[in-house]
Amino acid sequence: MGERWVNEHRRDGYTRRAKKEGYRSRAAYKLMQVNKKFRVIHRNDIVLDLGCAPGGWSQVAANIVEAKGLVVGVDLDQVDPIPGVTLVRGDMTHEITQASVRACLGGRLAHVVLSDMSPSISGNYGLDHFRSMQLSKLTLDFGLPLLSEGGHLVVKAFEGGEMTAFANHIKTRFARVKRFRPDATRKASSELYVVALGYDGRGPPEWGDFLGEDADDEEGSDDW
Ligand SMILES: C[S@@+](CC[C@H](N)C(=O)[O-])C[C@H]1O[C@@H](n2cnc3c(N)ncnc32)[C@H](O)[C@@H]1O
């Protein structure tokens, strides 16, 4: 971490606010801004939070769903306990982690699937975009079979050539699909969130060659 990054981080209003208001990350404000605009999470909901460390989104979700709801948070990293949140430590690409998350739901379906999963940043724009798309795709492949009909999805992605095709695949399963860049996202970041509302219950999209050699075939087919 360079001196410049540390200074910018200190100056950042959301970082200071998170510290003052007891949130574990400035990312908490991104989910608050998503939820203010799209109303994805409600009281009593069951929420999956993939890539939850250090826990800002899970804190926000737990506050909204209240005691009768459930938040299941998963991350590669250790997360300190959060009231109202069931935590799983593991790699979401591993079946054992996926099985643990399913076990936490105890046969119930989630109302909302969130994913703020982010690959380790290499600095290579194309590579980081590709890895982020792989995590986004994983979110749908794992999360949609666990999402109830009418449920909502919020998934992070880094801008790049596969974004339009990704959004078009999501559109085959949701009534409304929007892209959203919260004010709390850093200006220099290429991240955005895909907010998908009203799941039709049909399971993951048929991906075809998405992320394969012919992945950009669908480019330009929709102005989402
Ligand atoms: C930007 S952070 C999430 C911040 C979080 N939403 C918050 O509010 O505190 C991204 C997280 O994704 C996690 N992650 C990346 N790949 C993962 C994977 N394959 N399985 C589980 N977690 C993963 C990282 O460990 C990291 O903690």
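We count ligands from 1, going down the list as the structure has it; atoms in each ligand are counted the same way.
Judged by the shortest distance from any of its heavy atoms, G90 lies inside the 4.0 Å radius around the atoms of ligand 1. Using 4.0 Å as the threshold, R24 has no heavy atom nearer than that to any atom of ligand 1.
The shortest N/O to N/O separation between T93 and ligand 1 does not fall below 3.5 Å. When only interatomic distances are considered, the shortest N/O to N/O separation between A28 and ligand 1 does not fall below 3.5 Å. Ligand 1 has an N or O atom lying under 3.5 Å from an N or O atom of D75, backbone or side chain. Distances between N or O atoms of M117 and those of ligand 1 include no value under 3.5 Å. Close N/O approach between D49 and ligand 1 is not found [any backbone or side-chain N/O within under 3.5 Å].
A donor and an acceptor atom, one from each side chain of D91 and T93, are located under 3.5 Å apart.
Taking 4.0 Å as the cut-off between side-chain N and carboxylate O, D141 and K137 count as a salt-bridged pair. Salt bridge absent: D75 and R89 never bring a charged side-chain N and a carboxylate O closer than 4.0 Å. A salt bridge links R102 to E95: one of the charged nitrogens lies within less than 4.0 Å of a carboxylate oxygen.
Here the heavy atom of the protein found nearest to atom 5 (C) of ligand 1 is A53 O, 3.4 Å. Of the protein's non-hydrogen atoms, L76 N, 3.4 Å is the one closest to atom 22 (N) of ligand 1. Considering only non-hydrogen protein atoms, atom 6 (N) of ligand 1 sits nearest to D116 OD2, 2.8 Å. Remark: minimum distance from atom 20 (N) of ligand 1 to any protein heavy atom is reached at M92 N, 2.9 Å.
The minimum heavy-atom distance between S120 and D128, with the atom names listed, is O-OD1, 3.9 Å. Pairing each heavy atom of A53 with each of D77, the nearest pair is CB-CB, 4.0 Å.
The CD atom of E206 sits 5.5 Å away from the CZ atom of R173 when rounded to the nearest 0.5 Å.
Of all the atoms in ligand 1, the ones that sit under 4.0 Å from a non-hydrogen atom of C52 are 5 (C), 7 (C), 9 (O). Close contacts between ligand 1 and S25 involve ligand atoms 7 (C), 8 (O), 9 (O) [criterion: under 4.0 Å to a heavy atom]. Near D91, meaning under 4.0 Å from any of its heavy atoms, are these atoms of ligand 1: 18 (C), 19 (N), 20 (N). Interface atoms of ligand 1 facing P54, defined by a heavy-atom separation under 4.0 Å, are 9 (O).
Among S118, G51, A27, P119, the residue whose heavy atom sits closest to atom 15 (C) of ligand 1 is S118.
Take F130 and apply the ring-ring contact (aromatic ring centres under 6.0 Å, His included) test, not counting sequence neighbours, and it matches no residue. Partners of Y23 by ring-ring contact (aromatic ring centres under 6.0 Å, His included), not counting sequence neighbours, listed by chain and number: Y29.
Ring orientation note: the planes of H169 and F210 are tilted relative to one another, at an angle of 30° to 60°.
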